[in-house]
Amino acid sequence: MTLDPVLLEQQVERQRQGARRNSAAIFFGAWLWFATVSFVFASAARVPFPQRFGVAALGGLIGSAFTLFMVRVVHRWTQRGMLAVLEPGGRGRDVAVYSHAEALAVRGNLEAASKAFDQARAEHGEKASLLRAEADVQLRPDGDIERARALLMRLRKAADATRADELYATHRLVDLYLGPLGDESRAMSELRRLVERFPGTRDAEGAQAELNRRRALKNTTDSQSRSYP
């Protein structure tokens, strides 16, 4: 989706700063806790007093590093769990079905690849994974843009399409309408769809910002046109 690059970069940087602050807070909190525990154990073991601080510092460092590592592991597995919800049944199993078609596309034979995708859908049904896989192929610079648009529209209507599929298709349709297809009115419609279908998400916020920017630009242009007939 074509958005203001400055706003996008600012949003990404805010997310990075937030992640760094969270990691620093977790590391410091864990260090303080483990350092205290290590100092207590060192005292109970009658470690000479000057060395107790070294034991406490080392224990805090090891404990905080382990804690930060485990937090990241849990975060990664949580993301995988969310993906399992968004992609029920595991789309990876369908890769073997369309791998031949993708191989043909990689070799530059898009016509044969399209026929192979059609055959796969005829055999396995109008599955979202097949529609999305071919859409990715047709969205390449040498692909068929109109076929890509049709595939994305069908993807959103597929019986097994997930919210992730709908979000992907809508973003790609915005790209097409603002890019090679040059249809701003349909692009605006897809942006509104993002706002309505995914409220409260960064996707919706970005879409709303782009809608506001384009409306303001249009109003300015119309005003200037009326001022200079």
Side-chain angles (χ1 to χ4, degrees), residues 1-99 102 106 128-129 132-133 136 139 160-172 174-175 194-210 212:
M1 182 173 66
T2 305
L3 299 176
D4 189 324
V6 175
L7 292 177
L8 180 60
E9 182 59 31
Q10 290 175 347
Q11 186 178 54
V12 171
E13 183 57 29
R14 283 196 297 270
Q15 291 176 344
R16 289 173 179 169
Q17 291 177 353
R20 287 194 291 267
R21 284 195 298 269
N22 290 339
S23 295
I26 292 171
F27 187 89
F28 178 74
W31 182 90
L32 187 62
W33 192 87
F34 280 103
T36 302
V37 171
S38 298
F39 185 84
V40 171
F41 275 105
S43 300
R46 298 184 182 277
V47 174
F49 192 82
Q51 282 76 30
R52 293 182 190 178
F53 293 106
V55 172
L58 181 61
L61 182 62
I62 294 174
S64 57
F66 177 75
T67 299
L68 192 58
F69 171 76
M70 290 305 299
V71 167
R72 290 176 176 174
V73 169
V74 171
H75 178 67
R76 180 170 297 181
W77 279 102
T78 300
Q79 287 182 324
R80 291 185 178 183
M82 292 176 64
L83 181 62
V85 173
L86 290 172
E87 305 283 357
R91 294 290 174 83
R93 297 182 305 175
D94 295 330
V95 172
V97 174
Y98 55 76
S99 59
E102 286 188 322
V106 169
S129 59
R132 183 164 176 167
D136 283 334
L139 285 169
D160 64 335
T162 65
R163 293 270 293 171
D165 290 321
E166 181 184 356
L167 183 62
Y168 163 85
T170 307
H171 270 297
R172 298 291 77 77
V174 171
D175 291 338
L194 280 173
V195 174
E196 295 168 2
R197 294 285 296 163
F198 300 92
T201 66
R202 285 192 291 270
D203 301 278
E205 292 172 0
Q208 187 62 63
E210 182 67 6
N212 294 341

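On a predicted model such as this, the values are computed, not experimentally measured, just so you know. As a basis for the values below, the full set of heavy atoms in this structure was taken, side chains included, without hydrogen atoms, waters or symmetry mates.
- Here the shortest heavy-atom pairing between L61 and F27 reads CD1-CZ, 3.9 Å.
- One finds the OG1 atom of T36 at 7.5 Å from the CH2 atom of W31 (value rounded to the nearest 0.5 Å).
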- request: Please report the C-alpha distance between L58 and F34 in whole Å, then the side-chain angles of each, then the deciding distance to 0.1 Å, and finally whether the side-chain contact (heavy atoms from CB on, under 4.5 Å) criterion is met.
  value: CA-CA 9 Å; L58 181 61; F34 280 103; over 6 Å; no
query: Given the rule in the side-chain contact (heavy atoms from CB on, under 4.5 Å) test, do H171 and L194 qualify, once you have shown the distances and angles that lead to the verdict?
result: CA-CA 8 Å; H171 270 297; L194 280 173; 4.1 Å; yes
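- Each side chain to side chain donor-acceptor pair (under 3.5 Å) pair with one or both residues in residues 51-68, not counting sequence neighbours, appears once here: S43-R52.
- The ring pair (Phe, Tyr, Trp, His ring centres under 6.0 Å) search around F28 returns none, not counting sequence neighbours.
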field: Test log, rule side-chain contact (heavy atoms from CB on, under 4.5 Å), inputs L167 and F198
entry: CA-CA 8 Å; L167 183 62; F198 300 92; 3.8 Å; yes
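- A distance-only check finds no donor-acceptor pair linking the side chain of R172 to the backbone of L139 [under 3.5 Å].
- Remark: R132 CZ to T162 OG1 distance equals 7.0 Å, nearest 0.5 Å.
- Looking at every heavy atom in both residues, A56 comes nearest to S38 through CA-CB, 3.7 Å.
- Going from atom CD of Q208 over to atom CD of E196 covers 9.5 Å, rounded to the nearest 0.5 Å.
- Scanning both residues, P199 and A204, for their nearest heavy atoms gives CA-CB, 4.2 Å.
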